[in-house]
Amino acid sequence: MKKMSIDDKLALDLFRTDEEHPHIIVDLDYKDEEEIRKLVLACPAKCYKYDEGIFSFSYLGCLECGTCRVLSRDKIVKEWNHPHGEIGVQYRQG
Ligand code: SF4
């Protein structure tokens, strides 16, 4: 059996997104590169990006693992909640 890439596994998941109510609020003006790089490396869904000094974030592919909350609560991550109701990720692969 061929080994699946992370992108292939993520593509099997279903996401219901609420584009008006982000469940994670981050401080995109945060300047400590070391803190930013921690999140870029740790987020399994690659929601955090840091390219050529520009920090960006999208909660739309979030796997709700909570890693960023643990790593950077009250620093970069200002608010972290589970999405409301049936919004969010639905896993299809173990
Ligand atoms: S909760 Fe997990 S998947 Fe979602 S943004 Fe944070 S680290 Fe990434």
Side-chain angles (χ1 to χ4, degrees):
M1 183 175 181
K2 186 181 169 206
K3 187 175 178 182
M4 293 177 72
S5 70
I6 291 174
D7 286 341
D8 289 342
K9 289 179 183 176
L10 289 174
L12 295 174
D13 297 330
L14 289 180
F15 293 90
R16 289 198 172 149
T17 56
D18 181 350
E19 296 189 21
E20 294 179 16
H21 303 100
H23 66 284
I24 301 173
I25 306 292
V26 303
D27 179 0
L28 292 176
D29 293 326
Y30 206 84
K31 299 296 182 212
D32 185 337
E33 270 192 38
E34 192 174 331
E35 285 295 321
I36 293 169
R37 289 188 193 285
K38 276 188 209 171
L39 295 182
V40 171
L41 289 172
C43 176
K46 308 233 178 294
C47 293
Y48 294 89
K49 295 195 178 356
Y50 191 64
D51 294 320
E52 297 181 11
I54 298 173
F55 180 36
S56 61
F57 171 74
S58 172
Y59 64 93
L60 297 179
C62 174
L63 296 170
E64 300 167 37
C65 68
T67 302
C68 59
R69 178 183 181 188
V70 171
L71 283 178
S72 197
R73 189 177 193 175
D74 296 329
K75 289 184 267 185
I76 295 172
V77 177
K78 294 299 179 192
E79 199 174 310
W80 196 105
N81 298 289
H82 286 287
H84 296 286
E86 295 182 4
I87 303 292
V89 64
Q90 182 180 358
Y91 289 103
R92 294 294 182 94
Q93 184 82 18

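Remember, it's 1-based here, ligands and their atoms both numbered in the order they're listed.
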For K46, is the NZ atom crowded, meaning more than 12 foreign heavy atoms sit under 6.0 Å from it?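 Incorrect, the count does not exceed 12.
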
With 2.8 Å as the limit, count the protein N, O or S atoms near atom 8 (Fe) of ligand 1.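 Those protein atoms number 1 in total.
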
Give the residue, atom name and distance (to 0.1 Å) of the protein heavy atom nearest atom 1 (S) of ligand 1.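 Nearest neighbour among protein heavy atoms for atom 1 (S) of ligand 1, to 0.1 Å: G66 N, 3.2 Å.
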
Can you tell me which residue pairs pass the ring pair (Phe, Tyr, Trp, His ring centres under 6.0 Å) test with a partner in residues 2-43, sequence neighbours excluded?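 Passing the test, one end in residues 2-43: H23-Y59.
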
Between I24 and W80, which heavy-atom pair has the shortest distance, and what is it?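 Looks like CD1-NE1, 3.4 Å.
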
R37 with E34: basic N within carboxylate O range, under 4.0 Å: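 Looking at E34 together with R37, the answer is no, because their closest N to O distance does not fall below 4.0 Å.
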
Under the salt bridge (Lys or Arg N to Asp or Glu O under 4.0 Å) rule, collect the residues that match up with E19, sequence neighbours excluded.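 Residues passing salt bridge (Lys or Arg N to Asp or Glu O under 4.0 Å) with E19: none at all.
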
Any non-hydrogen atom of Y59 lying under 4.0 Å from ligand 1?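 Contact check Y59 vs ligand 1: negative.
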
Considering the options S58, S72, C68, S56, which one meets the side chain to side chain contact (heavy atoms under 4.5 Å, CB included) requirement together with Y48?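 In the set S58, S72, C68, S56, the residue that makes a side chain to side chain contact (heavy atoms under 4.5 Å, CB included) with Y48 is C68.
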
With sequence neighbours left out, write down each residue that passes side-chain contact (heavy atoms from CB on, under 4.5 Å) with R73, or none if nothing qualifies.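 Partners of R73 under the side-chain contact (heavy atoms from CB on, under 4.5 Å) test: R69.
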
